[in-house]
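Just so you know, these numbers come straight off a predicted model, no measurement behind them.
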Amino acid sequence: MSSPPDGYREWMEDREWTLDELAEAYAYPDAAGAAAAGTEASHGWLRANMVSSVDGAAHHEGRSQPLSSDADMRIFGVLRGLADAVIAGAETVRQEGYRPAKAREAFAARRAAAGQGPAPAIAVVSASLDLDFSLPLFTQPLVPTVLLTGAAADEGRVKAARAAGAQVVFAGEGTGVDPARVTGALAGLGLTRLLTEGGPRLLGQFAAAGALDELCLSLAPLVTVGDAPRIMNAPGLAVPERFRLASVLEDDGFLFTRYSRP
Ligand SMILES: NC(=O)c1ccc[n+]([C@@H]2O[C@H](COP(=O)([O-])OP(=O)(O)OC[C@H]3O[C@@H](n4cnc5c(N)ncnc54)[C@H](OP(=O)(O)O)[C@@H]3O)[C@@H](O)[C@H]2O)c1
């Protein structure tokens, strides 16, 4: 046993955490904002937010909602409220029916002070571009949806995405995206406070490429059994990589952990 790590906070009072408390607890490192403001050369900060059952399932019957809770959704909202861009794999976008991120009054002043737009851009990673470009995600966002794909992506699909209003960014040589190039590509658009919501195949690639700076993992007190993947689903690392426990919150048996690269 040892003393708690730096920044450890345990809030078990019988009350709801305020959005301001959560925003403080999950603030991006100053350097990520400095990079966004153009005052520092950096590729920003890539944080992931994922929920898992205690037996390691990253979804139940194709959705993450059955693993979630009110507090988890509150943190989910705060992490979006702090981000410049939310990066998601195309399968998560298709399965979870992604919509544009909303502007929330609770974050308006904080975002304005940080030089951020009213809501984060959604950045979709896809090789096939097999996405429905008539959906509000592409046609009605507050800030244009970004589509990250490879230089050899289908030209007709790229054209359709652009016609719908998406900002297409090439970050790979073939049809696929090089996960190590994503943060740099988004920094080129001024988006440096980055949040990825997975899914497991995309997150596994970010972690394997050494591109993941922080993991916010909600551990749900649920057992699912079954064969759902865990939160990272890609070829494994030769040597397990150590992350540092930065903070833990608890609510109703859910643990909200935050690990960062040392
Ligand atoms: N537990 C959680 O917190 C959580 C979070 C998110 C999602 N989920 C669940 O996870 C499931 C989906 O996750 P998933 O792992 O199957 O898929 P995913 O990672 O969301 O998306 C995979 C897709 O993303 C695109 N992609 C991934 N890597 C790429 C690369 N390097 N270059 C270009 N495109 C790339 C490809 O899209 P194309 O096929 O279009 O080429 C690929 O098929 C859903 O059931 C969802 O509910 C759970």
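- Under 4.0 Å is where a charged nitrogen must lie from a carboxylate oxygen, and between Glu16 and Arg74 at least one such pair does.
- A salt bridge is defined here as a Lys NZ or Arg NE, NH1 or NH2 lying under 4.0 Å from an Asp or Glu carboxylate O, and Glu197 with Arg47 fails to meet this definition.
- In this structure, CZ in Arg261 is found 9.0 Å from CH2 in Trp45, a value given to the nearest 0.5 Å.
- In this structure a side-chain-to-backbone donor-acceptor pair under 3.5 Å is present from Thr92 to Gly199.
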After noting the C-alpha distance and the side-chain angles of Leu67 and Ser52, does the key distance pass the side-chain contact (heavy atoms from CB on, under 4.5 Å) rule?
CA-CA 7 Å; Leu67 306 178; Ser52 170; 5.9 Å; no
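- Among all heavy-atom pairs drawn from Leu237 and Ala207, the shortest one is CD2-O, 4.5 Å.
- Nearest heavy-atom pair across Ala211 and Pro179 is CB-O, 4.1 Å.
- No donor-acceptor distance shorter than 3.5 angstrom exists from the side chain of Ser68 to the backbone of Asp72, with no hydrogens or angles considered.
- Once rounded to the nearest 0.5 Å, the distance linking CG of Leu137 with CZ of Arg99 reads 9.0 Å.
- To the nearest 0.5 angstrom, Thr149 atom OG1 is 9.5 Å from Asp154 atom CG.
- Ion pair Arg157/Asp130 not flagged as a salt bridge, since none of the NZ, NE, NH1 or NH2 atoms sits closer than 4.0 Å to an Asp/Glu carboxylate oxygen.
- Salt-bridge check for Glu214 with Arg244: failed, with every basic side-chain N at 4.0 Å or more from each acidic carboxylate O.
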